[in-house]
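Computation of the quantities below employed the complete heavy-atom set of this structure, encompassing side-chain atoms and omitting hydrogens, waters and symmetry-equivalent molecules.
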Amino acid sequence: MSDIISEAQRCLKCKRPLCKEGCPVKTEIPTIMQMFLDGKMDEAGELLFKNNPLSAVCSLICPHEKNCMGHCVLNHKNSPIQFFEIENYISTFFLEKAKLKPETKNGHLVGIIGAGPAGLTLAILLAQKGYDVTIIDSKDKIGGVLRYGIPEFRLPKTLLDRLLERMKDLGIQFRPNTLIGPTVTIDDMFEDGYDAIFIGTGVWKPNRLRIPGETLGNVHFAIDFLKNPDSYNNLGDHVVIIGAGNVAMDAARTILRKTSAKVDIIFFRGREEVTALQEELMLAEVDGVKMNYYLNTIKIEADGIIVEPVLKILNEDGTTSYKNDSEHPYKIPSSSVIIAIGQGAQTNIVKNTKQIDTNQKGLIEASDKGATTRPGVYAAGDVVSGARTVVEAVAATKKVAEEIDAYIKRKYNEI
């Protein structure tokens, strides 16, 4: 406790807080810091929750070095304020004790498909405006990627359980184990009286390498592995992970915690081009992951992968290019292979719904306020932008909440 008090006291309370500008949801950081020091925990927690319903989550998994910390003026002394520590303390305190009351109902019903970051954010924001809100999800518990894609050691699931209690306080209903698309459709939902529908289903379709061997029994996709790591009890003593994003790091660190296997990560570029956060990369290395750079995987076999070196070439004009050395392939032995090269959107909804356009990547086309090509249907989060951070999903969804509110009021001439 004394450490976070000291950290809050170090904050300069800048008149033009660059930390706030660097936060996608514009958190009032200096104000929160002062409230904390003044003992106004309830007020600080309420302010954080109203601005970002997933504040407690973001305090744990945000890319702080890019957002608030990365913009702190004390970076010039290499000692930026670690606001996320104070935010986590206040936000978890708030979730544990807050007694939220449902707003006076306005008589309108909004359906939210997907209980991930975008869906949870929108549900809370609209419930606070008096809407009846029902969240429908294909899984049995809320959280989406927060529960089924981020390891417990990074994000305790009890935090999501507390959030669900606060959502119940607001009168939000949750319908689990229901897949919208093949059986129950968006058309059915409109017929049942929903005034607007939001799609926040994320990206759960793993990208393939499209090389020989991907269907072998020792090959798995990282996004599937992270849903339930305990069901993968035959990984063996040496796991190779192909890809170097945050999902790859989560998979690697999970394996090291649950098994005695050795873990190698294979990446076709250099360390400076790793897509994972630098903190996640360094933690993976501390945990024992071996990084292997400039290797292109060309085949998967039952006992390993075949790779070829990637040559980095500095061109005369100063640019860099790459060339695969196909004349010198070699084998890296392994007992299991996990593919972690990104995800795309599932097509259950758009295949069974008219008028919702998607782009070449299968992501839903939507305006910056979330409006899709079908009136009354909105979308935001990863299903629109591709895989991004949780706080970016929150920021996008806040705009959608305002737009849905305005749309329904126009629809019923309430403006």
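Put simply, the side chain of Q34 does not reach to within 4.5 Å of the side chain of E28, judged on heavy atoms. Looking at heavy atoms from C-beta onward, D132 lies in side-chain contact with K105 at the 4.5 angstrom threshold. M291 places a side-chain heavy atom less than 4.5 Å from the side chain of E285. The shortest distance between side-chain heavy atoms of H238 and D264 falls below 4.5 Å. Proximity of M41 to F36: side-chain heavy atoms (C-beta onward) are separated by under 4.5 Å at one or more points. Counting heavy atoms from C-beta outward, K312 and V310 have side chains that stay 4.5 Å or more apart. I356 has its side chain within reach of I199: a pair of non-hydrogen atoms, C-beta onward, lies under 4.5 Å apart.
A donor-acceptor pair under 3.5 Å is absent between the side-chain atoms of T397 and the main chain of V400, judged by distance alone. A distance-only check finds no donor-acceptor pair linking the side chain of E403 to the backbone of K399 [under 3.5 Å]. Remark: the backbone N or O of A371 is paired with a side-chain donor or acceptor of S367 at under 3.5 angstrom. In this structure a side-chain-to-backbone donor-acceptor pair under 3.5 Å is missing from E96 to R162. In this structure a side-chain-to-backbone donor-acceptor pair under 3.5 Å is present from T353 to I349. Using a distance-only test at 3.5 Å, with no hydrogens or angles considered, no donor-acceptor pair links the side chain of N88 to the main chain of E85.
Of the N and O atoms on the side chains of Y412 and D195, at least one donor lies less than 3.5 Å from an acceptor on the other residue.
Within a 6.0 Å radius of NZ in K411, other residues, nucleotides and ligands contribute more than 12 heavy atoms. Within 6.0 Å of NZ on K205 lie no more than 12 heavy atoms contributed by other residues, nucleotides or ligands. The environment of CZ in R257 is crowded: more than 12 heavy-atom neighbours from other residues, nucleotides or ligands sit within 6.0 Å. Residue E214 places its CD atom among more than 12 non-hydrogen atoms of other residues, nucleotides or ligands, all under 6.0 Å distant. Counting heavy-atom neighbours within 6.0 Å of K13 NZ, excluding the residue itself, gives a total above 12. Within 6.0 Å of NZ in K26 there are more than 12 heavy atoms belonging to other residues, nucleotides or ligands. Residue K227 places its NZ atom among more than 12 non-hydrogen atoms of other residues, nucleotides or ligands, all under 6.0 Å distant.
Between F49 and F94, the ring planes are tilted. Angles from 30° to 60° get that label.
The side-chain tip of R253 does not point at the ring of F153 from less than 6.0 angstrom away and within 45° of straight on.
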Could you walk me through whether D42 and K97 pass the side-chain contact (heavy atoms from CB on, under 4.5 Å) test, one step at a time? CA-CA 9 Å; D42 292 341; K97 66 169 293 188; 3.3 Å; yes
Stepwise side-chain contact (heavy atoms from CB on, under 4.5 Å) test for L120 and M167: CA-CA 9 Å; L120 298 180; M167 294 172 69; 3.6 Å; yes
Report the C-alpha distance between K398 and N51 in whole Å, list the side-chain angles of each, state the deciding distance to 0.1 Å, and finish with yes or no for side-chain hydrogen bond (donor to acceptor under 3.5 Å, both in side chains). CA-CA 9 Å; K398 289 178 70 173; N51 178 64; 2.9 Å; yes
Please tabulate, one pair per line, all N/O donor-acceptor pairs under 3.5 Å involving side-chain atoms of residues 376-391, not counting sequence neighbours.
residue : atom : partner : partner atom : Å
D382    : OD1  : R388    : N            : 3.1
S385    : OG   : G381    : O            : 3.1
T389    : OG1  : E392    : N            : 3.3
T389    : OG1  : E392    : OE1          : 2.9

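Checked against the 6.0 Å centroid criterion, the rings of H64 and F84 qualify as a close aromatic pair.
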